[in-house]
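Take a look at the structure below.
All values derive from a computational prediction rather than experimental measurement. The sequence lines fix the lettering, A, B, ..., with proteins before strands; numbering per chain opens at 1.
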There are 2 protein chains.
Amino acid sequence: MEKFQYDYPHPALTVDCVTFGFDGGEMKILLVKRGIDPFLEKWALPGGFVNIDEDLESCASRVLEKECGIKEVYQEQLYTFGKVGRDPRERVVSVSYMALVRTDDYALLVGNLELSVQWFPISEVKDLAFDHEEILKVALKRLRGKIRYQPVGFELLNEKFTMPELQTLYETILGKSLDRRNFYKKILATELLIKTNEKKSGGAHKAANYYQFDHNKYQELTESGINLEF
Amino acid sequence: MEKFQYDYPHPALTVDCVTFGFDGGEMKILLVKRGIDPFLEKWALPGGFVNIDEDLESCASRVLEKECGIKEVYQEQLYTFGKVGRDPRERVVSVSYMALVRTDDYALLVGNLELSVQWFPISEVKDLAFDHEEILKVALKRLRGKIRYQPVGFELLNEKFTMPELQTLYETILGKSLDRRNFYKKILATELLIKTNEKKSGGAHKAANYYQFDHNKYQELTESGINLEF
DNA sequence: CCAAAAGTGTTTATAGTACACCCATGC
DNA sequence: GCATGGGTGTACTATAAACACTTTTGG
């Protein structure tokens, strides 16, 4: 095997992805079961070594696609974990990313994943490999913080979604119930939702209206430097 | 020279520090003039390669102490920059840190720095090496965002400071003037300041009272899980 | 017609903003 | 005694929180 030489030792560099999914109930994250030591058979965040000619974001995308079959999702960098000894093999520094998967894509994946790749309700996650529980904590904190002032929730729903769906998502992420009327008011006040003519039928009750997120308007607003409170 | 070998190529890993200082006027950052290629003679953020047995935070501390003579300052991780090609020599991924230097320490350093290490008013910073201007932008954004809800401003002042000093700092960071009465109200409402009996004399005007930040109380509050709006 | 969830306004409380005068100090 | 910046309270405005009834739908 070819060898790569350096004048001084280089830590290994990996990317680990905290991938959130939402199906209307609890928040889920995607874990992979390790097939090799260390932490053989333990569940871990999907991750991999950064290729030498690959951007960090590209690495995160590649890992999600290769390991989990997930393409083109929202992702953002979280934090870089580099404590000496966090990997028992060698010095490994890990750049963590958070990814958000839409409900439809989540549903698609549920049945198609291998046994070694599975969704877990956040409340049931325990005993992960490496320092991955710590990474998950950081991701959860980021998601909770971010949803208050940036319209990131839409990345977890489908293109078209109802107000009750959106509210349930917010309640799940924030861990508290919200007043329906105040929620409508706050969300509609942003004027970032487009009301469609479609309705979600099913169930012995009034059909909920579908809304769409106005990506264009949001982009205009962010580009004009206005900082949105959402 | 000894060589270090790996089965696959490893990117180099560095830490770069955005170091803010405040002397009552403009915000300053600390830059070093590069003595080697690439970007020879250009100003750059203090930085260095991460040792194999060294935590990232320790590396940031070491860089600041070795290159700039700065010890024991507030520091936090910002973001990791890893674009392919950001360093023309080889693949280098850089974990950036923000450090805050107290006014007294800032003053001490001003005269003692070498010519190749200097403070620059933020408005005059231009044409930095690598992608360091981008890193600075991220740091400024973080500082502006953070000061609104976390008591991080104290790290830039002395142990004892006056309200007008604190207000000037806030105004400088936020880039807008604040109403004095509202500022007092907001700051004192947090009950995180201890009013000392000392006063800052000098100048043909009423002497300003010195305050201290109540670290203990802040720690209690953060530990009890209350999220502070500051 | 009944159960179940969707949709909608008004009132109250809280937080933020605007604004002006007196006070201590050094020269 | 006057110029300079320090210290303080109140009224107004905007935002957030509390709260209950009507509407649509399927069975």
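Distance CG (A:Leu193) to P (C:dG7): 12 Å, rounded to an integer number of Å. Separating the CG atom of B:Leu178 from the P atom of D:dG7 is a distance of 16 Å, rounded to the nearest angstrom. Between A:Lys186 atom NZ and C:dG7 atom C1' there is a gap of 20 Å when expressed in whole angstrom units. Between B:Phe183 atom CZ and C:dG16 atom P there is a gap of 14 Å when expressed in whole angstrom units. Atom pair A:Tyr149:OH and D:dA16:C1' shows a separation of 20 Å (rounding to whole Å applied). Atom-to-atom, NZ of A:Lys200 to C1' of C:dG7 comes out at 16 Å; the value is rounded to the nearest Å. In this entry the distance linking CD of B:Gln167 with P of D:dT8 reads 13 Å, nearest Å.
For B:Gln212 and B:Tyr210, the side-chain atoms include no donor-acceptor pair closer than 3.5 Å. Between A:Gln167 and A:Tyr184, the side chains place no donor N or O within less than 3.5 Å of an acceptor N or O (distance only, hydrogens not considered).
At least one donor-acceptor pair under 3.5 Å links the side chain of B:Asp23 to the backbone N or O of B:Gly25. Although no hydrogens or angles enter the test, the distance criterion places a donor-acceptor pair under 3.5 Å between the side chain of B:Glu171 and the main chain of B:Leu178.
Closest approach of A:Ile173 to A:Arg144, counting heavy atoms only: O-NE, 2.9 Å.
For B:Tyr184 and D:dT8, the shortest distance from a side-chain N or O to OP1 or OP2 is not below 4.0 Å.
Ion pairing between a basic and an acidic side chain is recognised when a charged N comes within 4.0 Å of a carboxylate O; A:Arg34 and A:Glu41 show no such pairing.
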Generate the contact string for nucleotides 19-27 of chain C. Rules: B means base contact, S means sugar-phosphate contact only, - means no protein heavy atom under 4.0 Å.
BB--BBBB-
